[in-house]
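This structure is a prediction, so every number in the text was calculated from the model and none was measured. As a basis for the values below, the full set of heavy atoms in this structure was taken, side chains included, without hydrogen atoms, waters or symmetry mates. Below, chain A is the first sequence line, B the second, and so on; all start at residue 1.
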Amino acid sequence: MRIATWNVNSITARLPRLLAWLESSGTDVLCLQEAKLAEEQFPYDELRAAGYEAAVNATGRWNGVAVVSRLGLEDVVKGLPGDPGYDGAEEPRAISATCGPVRVWSVYVPNGREVDHPHYAYKLQWFEALKAAVAGDAQGSRPFAVLGDYNVAPTDEDVFDVAAFEGLTHVTPAERAALAALREAGLSDVVPRPLKYDRPYTYWDYRQLAFPKNRGMRIDLVYANEPFTKAVTDAYVDREERKGKGASDHAPVVVDLDV
DNA sequence: ATGGCCACCTATGGTGGA
């Protein structure tokens, strides 16, 4: 089976490309982030016509996640148990479902904005809640993975220039420690192949020709338990999808599994 | 080729993204 994660930066803006990519890539299960619409506006009909069901957690213009599957969709759980909330409200940043032999989460980790911003503290708390929520499945015998936009570059090699991130979020020790805690809970980083250049970046800013210059970051991650990682036959970043007019600023990460 | 921000909102600039 082929499973992917992709921050689409608005389902509405991306729908033509999303439908075309699902077909051309042969993806069976897609964890998507930044739907940027309310659940009742989700294009269920268009996806159904293409052969996919969708489980959606989305409330409006910000955030929003979904699992899109043509291999079934069972035991859907919307939201993150123990979500600390931001500014008094829980945000739609997580959804989980079982798709055939695999259980997956689609997550959109809070950005953090700035290191001294309350959103950064929220980000770290959110990671704590995520670790607690997935610890059981991480130790289980069923293939399990948390896929999504983690908004953290795991190592200095995962940004185009570490000096450019001095004092910024996404590279701080505390954020990387949160990833390490997930690994200690039983999940491993399934690092994809880049299809060009030497680093498997997944995000390039829209501004300043970042994509043509390959000034990217690897922040879209697949954290998987041992039964899942043992089944991986290939993983790559589909950078072609970052090209051209109407692209998201993130490229899909695609994982092939022999299950 | 991959090209100089994008997307949203009961908008006409502010907010969020990273």
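- Distance from the side chain of Arg207(A) is smallest for dC5(B) among the nucleotides dC5(B), dG16(B), dT2(B).
- Rounded to a whole angstrom, the distance from the P atom of dT10(B) to that of dT15(B) is 14 Å.
- With hydrophobic clusters built from ILVMFWY side chains whose heavy atoms lie under 4.5 angstrom apart, Val107(A) does not share a cluster with Met217(A).
- A sub-4.0 Å separation between OP1 or OP2 of dA18(B) and a side-chain N or O of Asn7(A) is present.
- Within the nucleic acid shown, Thr12(A) comes within 4.0 Å of sugar-phosphate atoms alone, with no base atom in reach, counting heavy atoms only.
- Looking at the side chain of Phe211(A), the nearest of the listed nucleotides dT2(B), dG3(B), dC9(B) is dT2(B).
- Residue contacts shown for Gly60(A) are absent, as no nucleic acid heavy atom lies under 4.0 Å away.
- Aromatic ring centroids of Tyr86(A) and His119(A) lie under 6.0 Å apart.
- As judged by a 4.0 angstrom heavy-atom cut-off over every strand, Glu34(A) is placed among residues touching the sugar-phosphate backbone only.
- Along DNA chain B, the nucleotide closest to Asp205(A) and the one closest to Asn9(A) are compared, and the more 5′ of them pairs with Asn9(A).
- Below the 3.5 angstrom threshold, one finds a donor paired with an acceptor across the side chain of Lys196(A) and the base of dT2(B).
- Between the side chains of Ser96(A) and Arg103(A), at least one donor N or O sits under 3.5 Å from an acceptor N or O.
- dA18(B) sits 15 Å from dC8(B) when the P atoms are compared, rounded to a whole Å.
- Proximity of His250(A) to the phosphate of dG17(B): no side-chain N or O atom is located under 4.0 Å from OP1 or OP2.
- Across the protein-nucleic acid pair, Arg17(A) atom CZ and dA7(B) atom P stand 11 Å apart, rounded to whole Å.
- Regarding contacts with the backbone of dG17(B), a side-chain N or O of Arg113(A) is found under 4.0 angstrom from either OP1 or OP2.
- Taking only side-chain atoms of Lys243(A), from C-beta outward, the nucleotide of dA7(B), dA18(B), dT2(B) with the closest atom is dT2(B).
- dA7(B) and dT12(B) are spaced 15 Å apart, taking the C1' atom of each and rounding to whole Å.
- Residues Arg218(A) and Asp189(A) form a side-chain contact, since some pair of their non-hydrogen atoms from C-beta on lies under 4.5 Å apart.
- What separates CG of Asn63(A) from P of dT15(B) is a distance of 17 Å, to the nearest Å.
- Nearest to the side-chain atoms of Arg61(A) among the listed nucleotides dG4(B), dC9(B), dG17(B) stands dC9(B).
- Looking at the side chain of Asn111(A), the nearest of the listed nucleotides dG16(B), dA18(B), dC6(B) is dA18(B).
- For the pair Arg176(A) (side chain) and Thr155(A) (backbone), a donor-acceptor distance under 3.5 Å is present.
- If you take CZ of Arg215(A) and C1' of dT2(B), they are 15 Å apart, rounded to a whole angstrom.
- Between dG17(B), dA18(B), dT2(B), one nucleotide has an atom nearer to the side chain of His119(A) than all others, and that is dG17(B).
- In this structure, the nucleotide among dT2(B), dA18(B), dA7(B) sitting nearest to the side chain of Arg14(A) is dA7(B).
- When distances are taken from the side chain of His170(A) to each of dA18(B), dT2(B), dC8(B), the shortest belongs to dA18(B).
- Taking only side-chain nitrogens and oxygens, Tyr108(A) comes nearer than 4.0 Å to OP1 or OP2 of dA18(B).
- dG3(B) atom C1' lies 15 Å from atom CH2 of Trp204(A), rounded to whole Å.
- Of the C1' atoms belonging to dG16(B) and dA11(B), the separation is 15 Å, rounded to the nearest Å.
- Spacing between atom CD of Gln41(A) and atom C1' of dT10(B) amounts to 12 Å, rounded to whole angstrom units.
- Checking dA18(B), dC8(B), dT2(B) against every side-chain atom of Ala13(A), the shortest atom distance belongs to dC8(B).
- In the set dG16(B), dG17(B), dG14(B), dG17(B) carries the atom at the smallest distance from any side-chain atom of Tyr206(A).
- At a cut-off of 3.5 Å, with distance as the only test, a side-chain donor of Gln33(A) or Thr5(A) sits close to an acceptor on the other residue.
- Straight-line distance from the OH atom of Tyr203(A) to the P atom of dG17(B): 11 Å, rounded to whole Å.
- Partner of Cys31(A) under the side chain to side chain contact (heavy atoms under 4.5 Å, CB included) criterion, chosen from Val104(A), Val146(A), Asn7(A): Val104(A).
- Here Phe165(A) lies out of heavy-atom contact (under 4.0 Å) with every strand.
- If you take NE2 of His117(A) and P of dA18(B), they are 14 Å apart, rounded to a whole angstrom.
- Ring centroid separation for the pair Phe160(A) and Phe165(A) comes in under the 6.0 Å cut-off.
- Residue Ser10(A) is in sugar-phosphate contact alone, with no base atom involved, counting any heavy-atom pair closer than 4.0 Å across all strands shown.
- The shortest distance between the side-chain N/O atoms of Asn151(A) and the OP1/OP2 oxygens of dA18(B) is below 4.0 Å.
- Here dC6(B) presents its P atom at 10 Å from CG of Asp249(A), a figure rounded to the nearest Å.
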